[in-house]
Amino acid sequence: MSEKDNMPQKSVLTNFVGDIKNIINDARNHAIRSIDHARVVMYWSIGKRIFEEEQLGKDRADYGSYLIKNLASQIVPVYGSGFGVRQLQRCRQFYKVYPIASALRTQLCWTQYKQLIAISDPDKREYYELEAVNEGWTSRQLERQINSMLYERLLLSNDKEKVLAVARNERTPESPTEIIKDPMVLEFLGLERKPQYYEKDLESELINHISDFLLELGKGFTFVARQKRLLIEDDEYFADLVFYNRLLRSFVIIELKTHKLTHQDLGQLQLYVNYYDRYERQPDENPTIGILLCTDKNDTAVRLTLPEDNKTILASKYQLYLPTKEQLINEINAVKKLAQQSK
């Protein structure tokens with residue numbers, strides 16, 4: 001039999017082997033998820049039993065503390081340090097926060113639930129729980145989103161009900177501000193805090209950490225191009241980064257600036273957005289969105305430079321480190337003040 005005759009058989013064999021590999025991988029992943037969920041149910045059941053026992057001695061203020069310490073001393077020698085006082089306290093808190101067993105999500109592991117029960121605000125906790133499931137976040141990604149204060153940053157330009165409705169899949173984002181955050185946090189790049197660095201360095205690091213950058217960008221983003229060449233008559237221009245957002249159904253062009261935003265920067269980005277709208281966008285797609293990532297910006301200057309009805313050109317300040325709670329509070333107050341001045 002010739003090599004040519006063997007080609008169809010090789011193709012069939014390749015597909016067959018691929019199918020078997022998928023079956024094995026799916027089974028392994030299902031087994032891991034099953035073990036993770038069994039662990040979650042175990043800790044929930046322990047918490048439930050501790051809570052029930054506490055109620056029997058509710059007339060003693062210190063009964064709960066005594067109960068857990070005594071329990072830990074009995075089971076740690078048998079089952080190890082993973083059942084110490086702190087862990088048993090988490091179990092009790094877990095049951096109190098999630099008292100209905102059927103509401104426990106099979107997609108979430110114990111590490112993720114530990115992060116969730118540490119959040120006191122129920123709306124904030126619900127947001128992270130829903131998005132961890134919707135977006136398939138790992139434990140590390142969930143921790144990163146909580147530490148970067150994703151929820152608070154979304155609330156800077158949106159009301160709480162809109163943010164939660166999107167997470168609940170009750171509505172689709174209708175405007176860029178519902179998805180795009182200001183400020184953006186790029187701590188995952190690991191860049192040093194030096195006075196000056198080149199835009200190409202920032203761009204290269206974003207490409208090298210594209211999965212982390214997509215996580216920071218948020219829902220629905222897909223990478224399209226880097227340094228996209230735009231030929232306008234005899235002049236060449238290059239858009240730094242181009243993405244597509246399937247929820248907004250529009251191209252998203254990102255320009256990187258390692259300085260405070262200027263009106264010239266806005267004009268440059270407007271040129272790229274207009275080009276995409278006229279030559280790349282399909283009739284059934286929404287207008288192209290432009291984002292200027294800069295180290296600082298003057299919001300009043302941005303508003304005066306752009307048309308009053310502007311909904312597609314956005315300026316977002318970026319920072320190379322995780323924000324503190326105080327920084328976010330200052331940002332929120334500044335946004336509120338700006339909103340009051342514009343009324």
Self-check item: Gln227/Glu203 under side chain to side chain donor-acceptor pair (under 3.5 Å): CA gap, chis, key distance, verdict
Solution: CA-CA 9 Å; Gln227 288 296 308; Glu203 179 187 319; 2.8 Å; yes
May I have the step-by-step check of salt bridge (charged side-chain N to carboxylate O under 4.0 Å, His left out) for Glu52 and Lys48, ending in yes or no? CA-CA 6 Å; Glu52 290 172 343; Lys48 180 175 184 288; 2.6 Å; yes
Using the rule given for ring pair (Phe, Tyr, Trp, His ring centres under 6.0 Å), can you reason through Phe94 versus Trp110, listing the C-alpha separation, both sets of side-chain angles and the distance that settles it, and then say yes or no?
CA-CA 10 Å; Phe94 184 33; Trp110 172 240; 5.2 Å; yes
query: For Lys228 and Asp240, what are the C-alpha separation, side-chain angles and deciding distance, and is it a salt bridge (charged side-chain N to carboxylate O under 4.0 Å, His left out)?
result: CA-CA 7 Å; Lys228 174 68 175 177; Asp240 288 340; over 6 Å; no
Does the salt bridge (charged side-chain N to carboxylate O under 4.0 Å, His left out) test come out yes or no for Glu216 and Arg153, once each step is laid out?
CA-CA 11 Å; Glu216 171 62 10; Arg153 286 186 289 140; 2.5 Å; yes
With salt bridge (charged side-chain N to carboxylate O under 4.0 Å, His left out) as the criterion, how do Asp296 and Lys257 come out once you've worked through the C-alpha distance, each side chain's angles and the decisive distance to 0.1 Å? CA-CA 9 Å; Asp296 201 1; Lys257 300 299 175 185; over 6 Å; no
Item to complete: Go through the steps for Ile313 and Ile291 under the test side-chain contact (heavy atoms from CB on, under 4.5 Å), then give the verdict.
Response: CA-CA 6 Å; Ile313 302 291; Ile291 304 174; over 6 Å; no
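Taking the six-membered ring for Trp and thresholds of 30 and 60 degrees, Phe188 and His209 have ring planes inclined between 30 and 60 degrees apart. Classified by interplanar angle (parallel below 30°, tilted 30° to 60°, perpendicular above 60°), the ring pair Tyr237/Tyr272 is perpendicular. Aromatic ring orientation, Phe243 versus Phe213: perpendicular (interplanar angle above 60°, classes split at 30° and 60°).
Residues Cys294 and Thr258 have side chains not in contact (no heavy-atom distance under 4.5 Å, counting atoms from C-beta outward). In this structure, Tyr244 and Phe223 have side chains that are not in contact, with every pair of non-hydrogen atoms separated by 4.5 Å or more. Contact of the Tyr151 side chain with the Asp123 side chain is registered, since non-hydrogen atoms from C-beta on lie closer than 4.5 Å. Tyr98 is listed as a side-chain neighbour of Leu116, based on a closest heavy-atom distance under 4.5 Å. Ile210 is not listed as a side-chain neighbour of Leu206, based on a closest heavy-atom distance of 4.5 Å or more. Between Leu217 and Ile254, the closest side-chain pair of non-hydrogen atoms falls below 4.5 Å.
In this structure, OG in Ser316 is found 8.5 Å from NZ in Lys181, a value given to the nearest 0.5 Å. Taking OH of Tyr276 as the reference point, atom CD1 of Ile253 lies at 6.0 Å (rounded to 0.5 Å). Within the model, atoms CZ of Arg86 and CD1 of Ile68 stand 10.0 Å from one another, a figure rounded to the nearest 0.5 Å. Note that CG of Leu261 and CD of Glu255 are 11.5 Å apart. Values are rounded to the nearest 0.5 Å. With rounding to the nearest 0.5 angstrom, the OG1 atom of Thr172 is 9.5 Å from the NZ atom of Lys219. Between Phe221 atom CZ and Arg246 atom CZ the span is 11.0 Å, to the nearest 0.5 Å.
Within the 3.5 Å criterion, the main-chain N or O of Asp201 finds no donor-acceptor partner in the side chain of Ser204. Without hydrogens or angle criteria, Gln112 side chain to Trp137 main chain gives a donor-acceptor distance under 3.5 Å. Judged by distance alone, the side chain of Asn245 and the main-chain N or O of Thr222 form no donor-acceptor pair under 3.5 Å. Judged by distance alone, the side chain of Arg226 and the main-chain N or O of Leu241 form no donor-acceptor pair under 3.5 Å. Checked by atom type and distance alone, the side chain of Arg92 never pairs as donor or acceptor with a backbone atom of Ile46 at under 3.5 Å. Side-chain N or O atoms of Asn158 include one that pairs as donor or acceptor with a backbone N or O of Leu154 at under 3.5 Å. Between the side chain of Ser250 and the backbone N or O of Thr288, no donor-acceptor pair lies under 3.5 Å. Checked by atom type and distance alone, the side chain of Glu178 pairs as donor or acceptor with a backbone atom of Glu174 at under 3.5 Å. Proximity of a side-chain donor or acceptor of Gln141 to a complementary backbone N or O of Thr138 within less than 3.5 Å is detected. The closest donor-acceptor contact from the side chain of Lys317 to the backbone of Lys297 lies at 3.5 Å or more, if one exists at all.
Considering all non-hydrogen atoms of both residues, Leu130 and Ala167 come closest at CB-O, 3.7 Å. Nearest heavy-atom pair, Leu156 versus Pro183, reported as atom, atom and distance to 0.1 Å: CD1-CD, 3.9 Å.
Residues Leu104 and Ile50 are members of one and the same hydrophobic cluster, defined by side-chain heavy-atom contacts under 4.5 angstrom among Ile, Leu, Val, Met, Phe, Trp and Tyr. Follow the hydrophobic side-chain contacts under 4.5 Å out from Val85 and you never reach Val76; the two are in separate clusters. By the rule that hydrophobic residues join a cluster once side-chain heavy atoms approach within less than 4.5 Å of another member, Met42 and Val78 end up as members of one cluster. Under the 4.5 Å side-chain heavy-atom criterion for Ile, Leu, Val, Met, Phe, Trp and Tyr, Leu214 and Met184 are members of the same hydrophobic cluster.
Other residues, nucleotides and ligands contribute more than 12 heavy atoms inside 6.0 Å of the CG atom of Leu231. Applying the 6.0 Å contact sphere to CG of Asp234 captures no more than 12 heavy atoms from other residues, nucleotides or ligands. Counted within 6.0 Å of NE2 on His259, heavy atoms from surrounding residues, nucleotides or ligands total more than 12; the atom is thus considered enclosed.
Among residues two or more places apart in sequence or in another chain, the side chain to side chain contact (heavy atoms under 4.5 Å, CB included) test is passed with Glu170 by Ala165, Arg168.
A salt bridge between Arg144 and Asp212 is absent, with no side-chain N of the basic residue lying under 4.0 Å from a carboxylate O of the acidic one. No salt bridge links Asp265 with Lys260; every basic N to acidic carboxylate O contact stays at or beyond 4.0 Å.
A donor atom on one side chain and an acceptor atom on the other are not found under 3.5 Å apart for Arg90 and Gln93.
For Tyr95 and Tyr43, the gap between ring centers reaches or exceeds 6.0 Å.
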